[in-house]
Number of protein chains: 2
Amino acid sequence: MSSTLNTRTEILLKTLIERYIADGQPVGSRTLARQAGLDLSPATVRNIMSDLEELGLVTSPHTSAGRVPTDRGYRVFVDTLLQVRPITTNEVRKIRHEIEADQDPQHLLANASHLLSEVCRLAGLVMVPRREEQAALRQLDFVGLTGRRILVILVTQDGQVHNRIINVERDYSASELEQAANYFNDAYAGLGLAEVRRQLLRDLEAASSDLQRIMDLATRMARQALTEEDKHDELMVSGESNLMDIPDLMDVRKLRLLFDAFNTKRDLLHLLDQSMRAGGVKIFIGAEAGYEALRECSVVTAPYSIEGTVVGTLGVIGPTRMAYEQVIPIVDITARLLSAALSGPDRLESPGRDSH
Amino acid sequence: MSSTLNTRTEILLKTLIERYIADGQPVGSRTLARQAGLDLSPATVRNIMSDLEELGLVTSPHTSAGRVPTDRGYRVFVDTLLQVRPITTNEVRKIRHEIEADQDPQHLLANASHLLSEVCRLAGLVMVPRREEQAALRQLDFVGLTGRRILVILVTQDGQVHNRIINVERDYSASELEQAANYFNDAYAGLGLAEVRRQLLRDLEAASSDLQRIMDLATRMARQALTEEDKHDELMVSGESNLMDIPDLMDVRKLRLLFDAFNTKRDLLHLLDQSMRAGGVKIFIGAEAGYEALRECSVVTAPYSIEGTVVGTLGVIGPTRMAYEQVIPIVDITARLLSAALSGPDRLESPGRDSH
DNA sequence: TTTAGCACTCCAGCCGGTAGAGTGCCAAGT
DNA sequence: ACTTGGCACTCTACCGGCTGGAGTGCTAAA
């Protein structure tokens, strides 16, 4: 249906959307005729607009206003018409400066999110890799607290720290806890968390008698710590308040919907999850994805990776009417630099081969 | 100057504010005369309103509207006229259910904040105790990462976990790290962080020769981890989007100011800090505190404590026109229950029989 | 196929009029 | 000395009508 448009029609659609992105007003035939540089009369432009409207790429807010791009119009625009602005080395330097390689991964992600929101003047998103499955266990520690509570500290290979408090039925001495941790680390360090969990179940039964007690302790503790889901904090959002400066979203009800989406996180996570599979920058426009709260909004995302394997995605969310040609390269480069930083300070550009 | 008001005047001021809080409309003399139950004619009420206006306790949006309380009016109201609604045991149960004693402290605080925002339908605030000074060190751990980075895990007596990645000049083996941690824990566990930092400086010079190497390592690592400020995350805010449903704040610019305040956190922290000193519930009304962003807002706070010593404050922020008689007891009880939960599962507090 | 012309539509802003709510003041009543 | 009814006045919010501007759709001519 929307096979290939006439080049002239394409140019008109492109300039219409550029113009609309620039000042947010419906674009009339006269303005468009002048702007496009095609030496056409307004009347001709009107005819073409009529065609575009039939195709569902533009629409008119009311009988006598100019045209405005529809979601599908934006889709064609970003897919085939848009030419991204090359990023200046200056900007790259700024981003790189903010995302230093030698930081706590948690801070690194937070910084990336904040950076995105600042540079794009929109809300920044970072989906944090859920520690499940992929990450390998590096070390486990047990720390006794008061009142039969034990703090379990779990460090994964990439330097992320998770901790959880569990309850036990009796008091344990510090040396017992240390032995348990030692046993556990000897047995399981280096394995993936999923693997650890699987083996735990097996070993719980086939325990050799002398280690029984300690091993039992360790495994039961670790199992408690591992099984409870840690979906918490999977999504970071920064610079939400930037969205309040945007005329398109001035309506409090729209804002409310958006902010609720930030808080519940579910829909956004689902969206970001989709973008993990495909490599490179991905763009979700308006109601395309089917989320009510994201009507009139677009999400630009890119996956990032550790040591070559994709572990999460980042991006920005803003009004459908955003400066894609600037936002897209920024999201792209941020994802690349973040991947580099997460993969260790040495391997800044060259893809490294890992062992572990 | 505003020494003691006539009782009749007090009643009128009280009902005026109650009425205004209830429906947000300026209150006229006729309505007030009927509502107050004093058997006065509107004309008399008008005279008294005139007096109150002179005292700066009420004001009129324009010549022919009813009266509206000023910040000073609210101040008198909450200080001397307000009678708080007693909390039902049902509510207490709900709050207690949400704030279970045996949880990770971090979750506990987050839950409290979320709870406050839900119950009051406003934004919930929790100031997290900065780990500085007060908390005692329980355990320190070093975990080697790739690329000469070391993860320092620091557990304080109350079960909070802090971690930071530091860079070192050479690679360390796992056993070296373990020795260093052991040495460190033997020497310093149980001391307050401030104390630890002080002793570190001394010990760094007077090192005995055989332990020199290891101790040197441990102290240098710990010092790096301890000195960098961890002001991060001192304030948690929940349910911000509740504020978008409030008619008083429907204006996007006001919202923008507020949300910026949430993000920068500085002013709010300063405010909450003030409330740490005084015991019990404290109320900041509108521009009283001098923060531009908080105009038309009130903050209701209460300090919470661990084992009897105050470590932080929590509360809610909302429009000046809020249901104080409900919010105040909720903030109060939440602070108490949180304190109980933080102080360990055993001492669930004997019912406070104090009335203020 | 493009263009000029024309009638038409719709929005945004402005004006004037009106109803409603509430005040301030004054003079009379208790 | 208070309290009250009465009265004139003021301000807002709302409605309807009017107007100018912008832009379209259609038609007929180039």
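Chain identifiers are assigned alphabetically (A, B, ...) following the order of the sequence lines, protein sequences preceding nucleic acid strands; residue numbering begins at 1 within each chain.
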Could you tell me how far apart [X] ([atom1]) and [N] ([atom2]) are, to the nearest whole angstrom?
X	N	atom1	atom2	answer
B/Leu38	D/dT4	CG	C1'	16 Å
B/Gln35	C/dG22	CD	P	13 Å
B/Leu12	D/dC2	CG	P	16 Å
B/Arg30	C/dG20	CZ	C1'	11 Å
A/Met49	D/dT24	CE	P	9 Å
B/Leu32	C/dT23	CG	P	9 Å
B/Asp51	D/dT3	CG	P	11 Å
B/Leu52	C/dG24	CG	P	12 Å

Worksheet entry | Residue whose nearest DNA chain D nucleotide is more 5′ - A/Gly28 or B/His62 | B/His62

Discussion item. Let me spell it out: for each of B/Arg8 and A/Ser64, pick the nucleotide of DNA chain D with the closest heavy atom. Which residue's pick is nearer the 5' end?
Written reply: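 The answer here is B/Arg8.
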
Worksheet item: Just by distance, with hydrogens left out, do B/Arg46 and B/Ser29 show a side-chain donor and acceptor under 3.5 Å apart?
Response: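 Result is yes, a qualifying pair exists.
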
Lys/Arg N to Asp/Glu carboxylate O, [X] vs [Y], below 4.0 Å:
X	Y	answer
B/Arg295	B/Glu288	no
A/Arg19	A/Asp23	yes
B/Glu18	B/Lys14	yes

Residue-phosphate contact under 4.0 Å: [X] side-chain N/O, [N] OP1/OP2:
X	N	answer
B/Ser29	C/dT23	yes
A/Ser41	C/dT3	yes
A/Arg67	D/dT24	yes

Item to complete: Determine whether any donor atom in the side chain of A/Arg46 lies under 3.5 Å from an acceptor atom in the base of C/dG5, or the reverse, and answer yes or no.
Response: yes

Fill in: Toward the 5' end of DNA chain C, by each residue's nearest nucleotide, B/Asn47 or B/Pro26
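Counting from the 5' end, the first nearest nucleotide belongs to B/Pro26.
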
Response to the item:
Tested for side chain to side chain contact (heavy atoms under 4.5 Å, CB included) against B/Leu125, the lone hit among B/Val299, B/Val300, B/Leu116, B/Val331 is B/Val299

Practice prompt. Identify whether any heavy atom of B/Ala65 sits under 4.0 Å from a base atom; if not, whether one sits that close to sugar-phosphate; answer base, sugar-phosphate or nothing.
Written response: sugar-phosphate

